[in-house]
Amino acid sequence: MSPVSIDRLDGIAIISVDNPPVNALSQAVREGLLRCVDEAADDAAVEAIVIVCAGRTFIAGADIREFGRPPEPPHLPDLIARIEAVDKPVIAAMHGTTLGGGLEVALGCHYRIAVQSALLGLPEVTLGLLPGASGTQRLPRLIGAEPALDMMLSGKPVKASQALESGLIDAICDDDKLRHTALELAATSVASGPRQIRDMTVREVRPELFDQTRADIARKTRGLLSPEKIIRCVELSLQVDFDEGCRAEREFFLECKDSPQSAGLRHAFFAERAVSKVPGIGKDTDIRPINNVAVIGAGTMGAGIAYNCLSAGYTVQLLDNDETGLERGAATIQKLFEGGVARGKISEEKMADGIGRLSATTNYGDLGDADLVIEAVFENLAIKKEVFEKLDSVCKAGAILATNTSTLDVDAIANATSRPQDVIGLHFFSPAHIMRLLEIVRGTDTSAEVIATSVALAKRLRKVGVVVGNCFGFVGNRMLYHYGRENQFLLLEGATPEFIDKTLVDWGMAMGPNAVGDLAGLDVGYKIRQERSDLPDDPRFYRIADLLVEQGRFGQKSGKGMYLYAADSRSPQPDPEVQSLINNEAKKLGIERREIAPQEIVERCIYGLITEGARILTDGIAARSSDIDVVWTNGYGFPRYRGGPMHYADSVGLAAVRDKVCEFRDRFGAEFWEPPALLEELAGSDRKFSDVDPGTR
Ligand code: 3H9
């Protein structure tokens, strides 16, 4: 059955799209729309046409899953041209999120109406694309080049009220009156007739607009293809006629669609949606109600988590050992709220409401009502176990007890309680209210209910929650060790900290590993290494980092680490003292320093990640390779347009990755570069990491 149907009422044809979940413009929808529009156009009894959608939203865009395949007719630009050419008024009646190709369909219609709660946007840029169905030519004609650029370059949707103000829509109505008001608008528009955006002229713009926008975007998006193409298309809307502009747009769209950047961003989109499908957890798994959250530890992390929970509407108790700690925590939370108000993110009322839901205590006995406790104390197993023993004695039955450990054994912590089924890891990333990633660490005994509740919690906190298994460092930090190891070796072998950082930033990482180490604090990793007994017995292993810490160089917080920092500055300056320390150590270890090419730096660091990612998949610590990608793109600054380390490996080709790893093994030794069995197996059978089924290993 076609997902598009047609009805008639008093001379008005109502064309309905019903393609759950988001009415994406699949081939069947395009075909159905074309058929119904033709039928209504040819029917002399029809005076106007209304396009509406069933379900939760008007069309939310092209069907992104089709982009990996050759496009099948009818093509969207042709369908929209057909809608616009109809000689009776066509009205788009929108609710939910009208996005991408959906908004382009609406722009092909002659009039647009939306409900109060509707959002309208062109988010193609977030997928490495540009609006490819004449949106770049129609939107500037309708609302002006500058606001159109804004919408397309930010990818952010606008509210219906804003859309009305800018002229993007012609009318707004109550959420429950869309059909009725759209029919009224259709009836009144019969007299005024069709109004085609293609015939409009783009208003003049300020002369510096395009140069300024290009410079701005080049700085912000670092080498992304599609923003530049969007700017060019909008510029063309002022310079050439509509059809020529559309031809250029189509060419650019196809170029972007076929680029590895868009493939990476599309992968990231679907990967983030796949994380909520957790093997062993079904839609019928019970979710425990959570209203009251307690956070143990009022340091920066604890306060950040508390702020995050308050912002999501929870009631929060903050517990620390003493009043001074609590006062400091409360002040941090107050400051975070004030920052939100200053940036216009939240209102004064919301701040007052949030702060009103916060209370503080030094007494574990006060935590009896907590539905969820999140521990964020010092990263030390003995201290954490002690906290969990206390929680076990005071918390009500069914309360979820979570640890924010970033590396430690969740089972060891769970076993300090009499209820390991209720214990889970919730690994927030710093700053907790900003970073989107939440690693949800399932212990051996964690119950399905507790996992499902944590996944729901992540959504409510507006985070991407990735369920991972329990091992040292889970997914993110376990892989980071290998990336960091190669960075340290490269320092000894001849690359400077600033050259390694620049090389990896040029490749797309948000920051270089040496600047990140200084930001996070070199002492943090040092203490963790000190506690481990299973580290490689290799004198080069994290040698430079260890020596720096032993000299009191902890990073930004002490004004010097791998780099030097001027007072009150976070800008890393190369330090000749560090360089001579590195040179001396290399000499002591008999390492001959050499010039190292950027390609070797990238391959050793990134392939270090990939090989450990393969082992993580084999061990079942991540259910699927795309989960690993979500961790790295959301928590570690891995370039989203490269999809994540595992997608990147798949795009390079696993045989090529395996060959390079073998080359490194022959050059640098098997201890760190023995190719993982999974990589060998997949490369040998011409498969990808993404072919490994969830939960099968
Ligand atoms: C475009 O339009 C190009 C044109 O300019 C030119 C063409 C020539 N396609 O996010 P959710 C799936 S580019 C296919 O969890 P929510 C999604 O994978 C497109 N599938 O729901 C998930 O599947 P599953 C421009 C899609 O309520 C399910 O729907 N448009 C698409 O939190 C539910 O998704 C966009 O970029 C799609 N377009 O949020 C909009 N969209 O259940 C992208 C969703 O199997 N979509 N799915 O995991 C979104 O931003 C959000 O999905 C939306 C709903 C806000 C709509």
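In each ligand, atom 1 is the first atom listed, and ligand 1 is the first ligand listed. As the structure is a computational prediction, the values presented were derived from the model and not from experiment.
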Side chain to side chain contact (heavy atoms under 4.5 Å, CB included) evaluation trace for I610 with F689: CA-CA 10 Å; I610 293 166; F689 286 125; 3.9 Å; yes

Stepwise side chain to side chain donor-acceptor pair (under 3.5 Å) test for R266 and S262: CA-CA 6 Å; R266 277 159 16 217; S262 178; 2.8 Å; yes

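Close to ligand 1: K277, with a non-hydrogen atom less than 4.0 angstrom away. Proximity of H75 to ligand 1 is not established, as no heavy-atom distance is less than 4.0 Å. Every heavy atom of G135 sits 4.0 Å or more from the atoms of ligand 1.
Residues that satisfy the ring-ring contact (aromatic ring centres under 6.0 Å, His included) test with H95, not counting sequence neighbours, are absent from this structure. Under the rule for a ring-ring contact (aromatic ring centres under 6.0 Å, His included), F242 has no partner lying at least two apart in sequence or in another chain.
Taking only nitrogen or oxygen atoms, main chain and side chain alike, R250 does not reach within less than 3.5 Å of ligand 1. At a 3.5 angstrom cut-off on N or O pairs, I64 counts as close to ligand 1. Every N/O-N/O distance between L99 and ligand 1 stays at or above 3.5 Å. Considering both main-chain and side-chain atoms, A60 comes within under 3.5 Å of ligand 1 through a nitrogen or oxygen pair. Between G132 and ligand 1, at least one N/O pair is under 3.5 Å apart.
Remark: minimum distance from atom 53 (C) of ligand 1 to any protein heavy atom is reached at T97 OG1, 4.3 Å.
Less than 4.0 angstrom separates some heavy atom of A62 from each of these atoms of ligand 1: 1 (C), 2 (O), 3 (C), 7 (C), 9 (N), 19 (C), 37 (C), 38 (N).
Contact annotation: for L127 versus ligand 1, heavy atoms closer than 4.0 Å belong to the side chain alone.
At a cut-off of 3.5 Å, with distance as the only test, no side-chain donor of N634 or K463 sits close to an acceptor on the other residue.
In this structure, E244 and Q239 have side chains that are not in contact, with every pair of non-hydrogen atoms separated by 4.5 Å or more.
A cation-pi contact, defined as under 6.0 Å to the ring centre and within 45° of the axis, links R460 to Y314.
In this structure, atom 32 (O) of ligand 1 has no protein heavy-atom contact shorter than 4.0 Å.
Counting heavy atoms of neighbouring residues, nucleotides and ligands inside a 6.0 Å radius, atom CZ of R179 does not exceed 12 of them.
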